[in-house]
Amino acid sequence: KRKQQATTSGEDYLEAILVLQMQKGTVRSVDVARHMEVSKPSVSHAVATLRMEVSDEDSDYFLHLTDVGREVAEQIYEKHRFFTECLIAAGVDPKTAEADACRIEHVISDESFQKLKKQLM
């Protein structure tokens with residue numbers, strides 16, 4: 001169970017970096033901290049843990065996703081958008097849909113997600 005939580009947390013950081021890159025172009029730890037409502041040291045710890053997915057901050061303190069990190073982040077973000085849209089379409093309050101989608105995106109298998117997406121799209 002503990003490993004799943006760490007993976008879930010790491011996926012949240014990767015997704016946040018991806019979303020912020022799409023919005024702003026460049027991302028610093030402080031941007032991620034504000035976006036996720038966590039402390040900057042928490043972001044620094046996560047970045048250190050996610051070395052395969054996030055390259056170290058460069059000399060200007062910007063964060064960059066590696067190819068592996070970008071792939072993981074894009075998969076999580078796709079699930080997040082899909083489930084948020086499905087839940088809102090089903091009549092769920094947007095704020096609740098967003099929170100529920102964030103939980104669902106981490107626990108659903110890729111096989112189940114692909115089949116649901118194919119069925120519902």
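All residue numbers in this chain count up from 1 along the given sequence.
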Asker: With the side chain counted from C-beta on, respond yes when Ile108 and Leu116 share a heavy-atom pair under 4.5 Å apart, and no when they do not.
Answerer: yes
Asker: For Glu74, what residues pass the salt bridge (Lys or Arg N to Asp or Glu O under 4.0 Å) criterion, not counting sequence neighbours?
Answerer: Arg70
Asker: Suppose we screen for side chain to side chain donor-acceptor pair (under 3.5 Å). Which residues come up paired with Lys115, at least two apart in sequence or across chains?
Answerer: none
Asker: Output all residues satisfying side chain to side chain donor-acceptor pair (under 3.5 Å) with Ser42, sequence neighbours left out; order by chain, then residue number.
Answerer: Ser39
Asker: Who pairs with Phe82 by ring-ring contact (aromatic ring centres under 6.0 Å, His included), at least two apart in sequence or on another chain?
Answerer: Phe113
Asker: Is the number of heavy atoms from other residues, nucleotides or ligands within 6.0 Å of CD (Glu111) greater than 12?
Answerer: no
Asker: Before you tell me yes or no, could you show the steps for Glu11 and Glu105 under side chain to side chain contact (heavy atoms under 4.5 Å, CB included), namely the whole-Å CA-CA distance, both residues' side-chain angles and the distance that decides it to 0.1 Å?
Answerer: CA-CA 10 Å; Glu11 289 174 348; Glu105 71 195 26; 5.9 Å; no
Asker: Within the side chain of Thr49, is there an N or O that forms a donor-acceptor pair under 3.5 Å with the backbone of His45?
Answerer: yes
Asker: Answer whether the closest heavy-atom distance between the side chains of His35 and Val19 falls below 4.5 Å.
Answerer: yes
Asker: Go through it in stages, so that I can follow the logic: the residues are Asp12 and Met36, the test is side chain to side chain contact (heavy atoms under 4.5 Å, CB included), and I'd like the CA-CA distance, side-chain angles, deciding distance and then a yes or no.
Answerer: CA-CA 9 Å; Asp12 285 340; Met36 295 183 69; 3.8 Å; yes
Asker: Are Lys24 and Asp31 packed together at the side-chain level, in the sense that at least one heavy-atom pair is separated by less than 4.5 angstrom?
Answerer: yes
Asker: Are any of the side-chain heavy atoms of Ile104 and Lys79 separated by less than 4.5 Å?
Answerer: no
Asker: Which residues pass the side chain to side chain donor-acceptor pair (under 3.5 Å) test with Gln75, sequence neighbours left out?
Answerer: none
Asker: Among Leu65, Thr66, Ile76, whose side chain to side chain contact (heavy atoms under 4.5 Å, CB included) with Leu14 holds?
Answerer: Leu65
Asker: Kindly indicate whether the side chain of Tyr77, heavy atoms from C-beta on, has any atom under 4.5 Å from the side chain of Met22.
Answerer: yes
Asker: Taking the side chain from Thr84 and the backbone from His80, do they hold a donor-acceptor pair closer than 3.5 Å?
Answerer: yes
Asker: Which of these, Val47, Val68, Val32, Val27, sits in a side chain to side chain contact (heavy atoms under 4.5 Å, CB included) with Val54?
Answerer: Val47
Asker: Output every pair passing salt bridge (charged side-chain N to carboxylate O under 4.0 Å, His left out) with a member in residues 91-104, not counting sequence neighbours, ordered by first then second residue.
Answerer: Asp100-Arg103
